[in-house]
Amino acid sequence: MSVIFPRWVNRLPLLFATGGGIGAFGLIGFVWYFFSPAYTDVGYAPRQPVPYSHKTHAGNLGMDCRYCHSLVEEGPHATVPPTQTCMNCHSHILPESPNLRLVRESWADDRPVPWIRIHKLPDYVHFSHEAHVNAGVGCVSCHGRVDQMVVVRQVEPLSMSWCLDCHRDPAPHVRPRELVTQMDYVPESGEGQALVRQYRLNPPENCSACHF
């Protein structure tokens, strides 16, 4: 009886199995890295409808974060400031600036400026700014040095592992509550641990803390 296929064909199943396994691991690695928050979100800096510079306002002028994000100590969201907050100053300062055209139109039409949100968490995650700010966690720990940013960008992955790293060791991020908005704050040696004890902080690590 004649042989239809050459002998080397017998190795194809093994080659396919080996190649498939390597390909599967490669695909997992590709998704694990390139679809992770660190790769997809960190560095995200959308162009806003109004060229607002945090470097000018929070940096050069030294404005406190809470002037614009007024509910950050009282609720889950930092809140985007209403046009009224902008006009408190800009009805007198640079009132005719072309960069503020949308702000003036928003004020005249009683419609909000369509700001683009940068820091986003999934709908199944609960995060409270109030809880963190009142625990002494500085704004810079999550948002970076926004006082040096002309265009705000995301600097942290906001992933579950990143959050848990802080919950497991909050001391490096805790400072006196009255200094949470000071971007250039440098803690003294051991200060974070002392504040963790003083504020009786025990950040939860169980699922229900963030996933209701």
Taking only residues two or more places apart in sequence or in another chain, which ones pass side chain to side chain donor-acceptor pair (under 3.5 Å) with H77?
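In terms of side chain to side chain donor-acceptor pair (under 3.5 Å), with neighbours along the sequence ignored, H77 is linked to no residue.
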
With distance as the sole test, does [X] use its side chain to make a donor-acceptor pair with the main-chain N or O of [Y] at under 3.5 Å?
X: H126; Y: F212; result: no
X: S91; Y: M87; result: yes
X: R66; Y: S70; result: no
X: R177; Y: Y199; result: no
X: D109; Y: R111; result: no
X: R117; Y: H119; result: yes
X: H69; Y: T79; result: yes
X: H167; Y: P204; result: yes
X: N134; Y: E73; result: yes
X: E191; Y: E188; result: yes

Between Y52 and N99, does any side-chain donor sit less than 3.5 Å from a side-chain acceptor?
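Side-chain D/A pair, Y52 to N99: absent.
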
Polar side chain donor-acceptor pair, Q48 to W115, under 3.5 angstrom
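The criterion, which ignores hydrogens and geometry beyond distance, is not satisfied for W115 and Q48.
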
Within the 4.5 Å heavy-atom criterion, are V42 and E156 side-chain neighbours or not?
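When only atoms from C-beta onward are counted, E156 and V42 do not touch, as no gap falls below 4.5 Å.
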
Cluster check V152, I116: I/L/V/M/F/W/Y, side chain < 4.5 angstrom:
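They do share one cluster, since a chain of ILVMFWY contacts under 4.5 Å joins V152 to I116.
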
Same apolar cluster (I L V M F W Y, side chains within < 4.5 Å links), V80/V50
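Yes, V80 connects to V50 through the hydrophobic network.
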
Using every non-hydrogen atom in the two residues, find where V103 and T83 come nearest and quote the distance to one decimal.
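Taking V103 first and T83 second, the nearest heavy atoms are O-CG2, 3.5 Å.
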
Identify whether NZ of Lys or CZ of Arg in R153 sits under 6.0 Å from the centre of the six-membered ring of Y44 and within 45° of that ring's axis.
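No, R153 and Y44 do not form such a contact.
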
Tell me if the centroids of the rings in F127 and H132 come within less than 6.0 Å of each other.
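Yes, close enough.
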
